[in-house]
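In this chain, residues are counted from 1 in sequence order.
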Amino acid sequence: MDIRFLGHAAFTLTDGDSVVLIDPFLTGNPKAAVSADDLSPTTILLTHGHGDHVGDTVTIAKRSGAPVMATTELAGELEEEGLEVINANYGGSHTFDWGTAKFVPAWHDSSTPKGRHNSPAGVVVEIGGAVVYHLGDTCLFGDLQLVGRRRAIDVALVPIGGHFTMDRHDAVIAADFIGAKTIIPMHYDTFPPIETDVNAFATDIDNQLDATAVVLEPGATHTV
């Protein structure tokens, strides 16, 4: 299974047959590795309603026909745009032909593009025999430990940029809580407020935890 970093918090997860797209903020993203027109996903997963995560969802979903899984208020708003949606909430999971996706809490704020409050989430995805946990936008909080206790996480996609999410120091603790063997940093260096030293983060992960940090440039792929 291939994990491709598209920049900021956007990823594709591919098992060879299906393509799961997460948080496709591409247009207006100075670090975007692709354009919205380059993607034809099987499914789109959204962690929350902020513009740097919803991004090009409507455009991509209308062109590709991909269903969009999002929490309740955001899913309802996207359904008004004519999209096929899967409405779930914390603890809620859905089974797809390619595997499963489950929303878990994230400690953040969120509003939809039309200004409705919605619950921010992380999403645990099982695809191609691997379990990937995209933390979404979150600060450090204790319940991150519960996700790894529920099931073993192979790869954690962890925000490290600070300012709007946890910083690189808190992200090391979060990685320890989760217990994944592979940690991929995200949500950093896109804009000046979230610039950070990703190599220092990787060194801290490698030195302090029984885990490996994999730093991906936008467009690069990690194979699980």
Side-chain angles (χ1 to χ4, degrees), residues 1-14 20-26 28-34 39 41 44-57 101 103-104 106-108 110 120-125 127 130-141 144 147 153-178 180-206 209 211-224:
M1 193 275 292
D2 289 336
I3 301 172
R4 188 183 184 199
F5 181 42
L6 303 182
H8 198 57
F11 291 84
T12 56
L13 313 179
T14 308
V20 178
L21 174 61
I22 306 176
D23 286 358
F25 170 48
L26 304 168
N29 176 359
K31 299 291 187 178
V34 299
L39 300 175
I44 300 173
L45 306 177
L46 297 179
T47 62
H48 65 293
H50 286 160
D52 61 328
H53 294 262
V54 173
D56 297 285
T57 294
F103 284 133
V104 295
W107 197 251
H108 191 56
S110 182
V123 61
V124 179
V125 183
I127 180 173
V131 179
V132 180
Y133 176 19
H134 187 299
L135 273 68
D137 281 6
T138 189
C139 65
L140 177 65
F141 68 112
L144 292 169
V147 179
I153 305 296
D154 296 303
V155 182
L157 313 177
V158 181
I160 69 165
H163 197 81
F164 300 111
T165 70
M166 67 178 79
D167 62 17
R168 67 178 180 87
H169 304 287
D170 285 351
V172 175
I173 300 172
D176 187 32
F177 281 174
I178 294 161
K181 294 299 183 182
T182 301
I183 309 298
I184 297 177
M186 64 171 184
H187 209 283
Y188 68 95
D189 285 0
T190 316
F191 311 109
I194 59 172
E195 291 176 353
T196 194
D197 188 340
V198 68
N199 293 318
F201 169 75
T203 298
D204 288 344
I205 290 290
D206 294 343
L209 304 181
T212 300
V214 176
V215 177
L216 296 178
E217 293 295 322
T221 297
H222 174 70
T223 300
V224 181

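Within the 4.5 Å cutoff, the side chain of V132 has heavy atoms near those of the M1 side chain. Proximity of M186 to F11: side-chain heavy atoms (C-beta onward) are separated by under 4.5 Å at one or more points. Side chains of F5 and I184 form no contact here, defined as non-hydrogen atoms less than 4.5 Å apart. Side-chain contact between V125 and H134 is absent, with no heavy atoms from C-beta onward closer than 4.5 Å. At least one side-chain heavy atom of L46 sits less than 4.5 Å from a side-chain heavy atom of V54. Two residues are said to be in side-chain contact when any heavy atoms from C-beta on lie closer than 4.5 Å; N29 and T190 meet this criterion. Residues L135 and I178 are in side-chain contact: their nearest non-hydrogen atoms beyond the backbone lie under 4.5 Å apart. Considering only heavy atoms from C-beta on, L6 comes within 4.5 Å of L39 through its side chain.
Under the 30°/60° scheme for interplanar angles, the aromatic rings of H8 and H53 are found to be tilted.
Panel note: side chain H187, backbone I194; no donor-acceptor pair is recorded below 3.5 Å. Although no hydrogens or angles enter the test, the distance criterion places no donor-acceptor pair under 3.5 Å between the side chain of T196 and the main chain of G161. Side-chain atoms of D52 never come within 3.5 Å of backbone atoms of F25 as a donor-acceptor pair (strictly under, hydrogens ignored). The closest donor-acceptor contact from the side chain of T221 to the backbone of R4 lies at 3.5 Å or more, if one exists at all.
With sequence neighbours left out, D167 forms a side-chain contact (heavy atoms from CB on, under 4.5 Å) with H169, D170. Residues passing the side-chain contact (heavy atoms from CB on, under 4.5 Å) test with D154 are A130, V131, sequence neighbours excluded. Every side-chain contact (heavy atoms from CB on, under 4.5 Å) that A171 has, sequence neighbours left out, goes to V158, I160, M166, F201.
Residue L13 forms a side-chain contact (heavy atoms from CB on, under 4.5 Å) with just one option from V20, L45, V155, L21, and that option is V20.
In this structure, P24 and A10 approach most closely via the heavy-atom pair CA-CB, 4.2 Å. T138 and P159 make their closest contact through O-CG, 4.2 Å (heavy atoms, listed as atom of the first residue, atom of the second, distance). Minimum heavy-atom separation, V123 to T47: CG1-CG2, 4.4 Å. The minimum heavy-atom distance linking A180 with A211 is given by the pair O-CB, 3.5 Å. Minimum heavy-atom separation, D137 to A106: O-CB, 3.6 Å. Of all non-hydrogen atoms in Y133 and G122, the two that sit nearest each other are CE1-CA, 4.3 Å.
Summarising the geometry, atom CG belonging to L157 is positioned 10.0 Å from atom OG1 belonging to T182; distances are rounded to the nearest 0.5 Å. Here the CG atom belonging to L26 is positioned 5.0 Å from the CG atom belonging to D56, to the nearest 0.5 angstrom. Within the model, atoms CG of D197 and CG of D189 stand 9.0 Å from one another, a figure rounded to the nearest 0.5 Å. Atom OH of Y188 and atom CZ of R168 lie 12.5 Å apart (nearest 0.5 Å). Interatomic distance, I183 CD1 to D176 CG, rounded to the nearest 0.5 Å: 9.5 Å. Separation of atoms CD1 (I22) and OG1 (T57) is listed at 11.5 Å; rounding is to 0.5 Å.
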